[in-house]
Undergrad: 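Pasting a structure here, questions to come.
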Amino acid sequence: MARGNQRENDRKKSQKKMAGMKGKNTMTGSEQQRTKEDVAAKMREKQRLADERKAAGQK
């Protein structure tokens, strides 16, 4: 019976450890900043195209 308890304790410990690892960020600060800038540039381009289409439709 003692082994069953040990198994449960190990399972809980493992789950707690895995939950802590799940949320960690794997990118460095510079990588994260570059990704953020790339996404922002794409969104600005998308917005510019949408504004051009909107302006073309109003003429």
Side-chain angles (χ1 to χ4, degrees):
M1 191 82 182
R3 182 61 188 148
N5 187 36
Q6 182 67 36
R7 212 174 270 137
E8 280 296 315
N9 290 341
D10 287 343
R11 187 175 291 127
K12 285 180 186 177
K13 184 178 175 184
S14 177
Q15 286 176 344
K16 189 175 181 181
K17 181 180 172 186
M18 294 305 283
M21 292 174 63
K22 185 174 152 183
K24 291 185 180 177
N25 190 359
T26 58
M27 287 194 288
T28 64
S30 59
E31 289 174 331
Q32 192 171 16
Q33 183 65 29
R34 186 174 38 236
T35 302
K36 207 180 225 186
E37 289 171 359
D38 289 345
V39 169
K42 288 177 187 176
M43 292 305 291
R44 282 192 294 271
E45 178 67 17
K46 195 173 182 181
Q47 187 64 48
R48 185 185 64 79
L49 292 172
D51 289 343
E52 286 177 2
R53 270 190 241 118
K54 192 175 184 183
Q58 290 178 353
K59 288 184 179 179

Undergrad: Considering residues, nucleotides and ligands other than M27, do more than 12 of their heavy atoms fall under 6.0 Å from its CE?
TA: yes

Undergrad: Tell me, which pairs form a salt bridge (Lys or Arg N to Asp or Glu O under 4.0 Å) where one or both residues lie in residues 27-43, sequence neighbours left out?
TA: none

Undergrad: Using side-chain heavy atoms (C-beta onward) and a distance below 4.5 Å, is K13 in contact with K17?
TA: no

Undergrad: Not counting sequence neighbours, which residues clear side chain to side chain contact (heavy atoms under 4.5 Å, CB included) with E52? List them please.
TA: R48, L49

Undergrad: Between OG1 of T35 and CD of Q32, what distance do you get to the nearest 0.5 Å?
TA: 7.5 Å

